[in-house]
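Before any comments, here is the structure.
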Amino acid sequence: MIDLSAIQTARENLRGQVQKTPFTLSRTLSDILGAQIWLKFENLQFTASFKERGALNRMLTLSDAERRQGVIAVSAGNHAQGVAYHAQRMGIPAVIVMPRFTPTVKVANTRRFGAEVVLAGDTFDDAKSHGLTLARERGLVMIHPYDDEDVIAGQGTVGLEMLEDQPDLDAVIIAIGGGGLISGIATAVKTLKPDIEVIGVQTERFPSMYAALNGQELNAGHYTIAEGIAVKTPGTITQEICSRLVDRIELVSEADIEHAIVVLLEIEKTVVEGAGAAGLAALLLEQQRGASRFAGKRVGLVLTGGNIDPLMLGELIERGMVRAGRLARIRVDLRDLPGALAQATKLIADAHANITEVHHQRAFTTLPVRNVEVDFVLQTRGPEHILEVIDVLNRAGFAASNHDH
């Protein structure tokens, strides 16, 4: 099994070839959550994820003959890029098998690192079986994303670095997909500091490790914003390690993760993908429920990766602004007379709200004829400001309401 010495060896193997990423205290998040929140910025690796560590540590064990023959990996995301990038650096041919529906940007990024990309099957499992067939046919070495001792040892170097920078950590909160990262980190930190708490986080839609450790049958969903941890079956090695070393696993919803991505963007000015925000999502959810089991403690979070689609990020920012009351949609009933709309927009402007969209509705309304419904999308200062604008309109004789509720 993997032990501390394997992780320390991995640390030496990786030295100078992957980033020792910053591990810093977030003062603002600490204030918000009432605990010392330390962030490990693995989204700053060259391929924007921790996956490079395990992939490289595994590839460094290859014999000369295996290096000449090449490696293969099945992945639609960060593992693919980690394998492809380090294979290119080491002069090893790499084949990456991805499901057919993989976003073109991920395919392009992986090809940019010189890998041969094979698109096969509609699901990850289809791609995986094709990958195993190719590996046999071409004599390639499969680099598993999580269920491999050298991969786990490589990911465990994250834990070593965290305790080097902050030896007094009380807890670490780590996202779980297949379980490679948490297995490596838990092995490192529990050996060095047996009383440290190790908490895993999964999405409600893909609770595979949570279900396995709790002896439950929970069905996986079809999609999650945290696609990096959308794993239907945990690893055999990782499940054994998690059953020994992980204190508990929390489940978070899609909305929790969305909120955490926007919080990290706004407060830390850092971009993380869904899986990278899972740890913070669990903390914010706990605070929302009024629990405070981390009050005053030193808590380490790993921002596992930053590979998020820019269009999705744009949508998340907009939705976050709606939740914060900084973007609002109000409905105003007007008489269909010249100047009525101008009067309403002047009142909104005088209340210092900025109009970004106007939707004028004559036919699709239950109002009497010669009346119109107008939806305004406004930039506001917050929930109180929205109520002020509505109040100004109502006092002037317009029927106005918050159309988001």
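Only this structure's heavy atoms are used, side chains among them; waters, hydrogens and symmetry mates stay out.
Annotation for Arg319: atom CZ does not count as buried by contact number, only 12 or fewer foreign heavy atoms lying within 6.0 Å. Residue His352 qualifies as open at atom NE2: its count of foreign heavy atoms under 6.0 Å is 12 or below.
With hydrogens and angles disregarded, a donor-acceptor distance shorter than 3.5 Å links the side chain of Thr380 to the backbone of Gly325. Remark: the backbone N or O of Asp147 is not paired with any side-chain donor or acceptor of Thr238 at under 3.5 angstrom.
Between Arg323 and Glu318 there is no salt bridge, since no side-chain N of the basic residue sits under 4.0 Å from a carboxylate O of the acidic one.
If you check the side chains of Thr224 and Glu254, you find a donor sitting under 3.5 Å from an acceptor. Looking at Gln69 and Arg138, their side chains never bring a donor and an acceptor atom within 3.5 Å of each other. Side chains of Thr191 and Asp3: no donor on one and acceptor on the other come within 3.5 Å. No side-chain donor-acceptor contact under 3.5 Å links Glu42 and Ser49. If you check the side chains of Thr47 and Glu52, you find a donor sitting under 3.5 Å from an acceptor.
A search for salt bridge (Lys or Arg N to Asp or Glu O under 4.0 Å) contacts involving Asp256 returns nothing, not counting sequence neighbours.
Side-chain contact between Phe23 and Leu169 is present, with at least one heavy-atom pair separated by less than 4.5 Å.
Gln202 pairs with exactly one of Val231, Leu218, Ile249 by the side-chain contact (heavy atoms from CB on, under 4.5 Å) rule, that one being Ile249.
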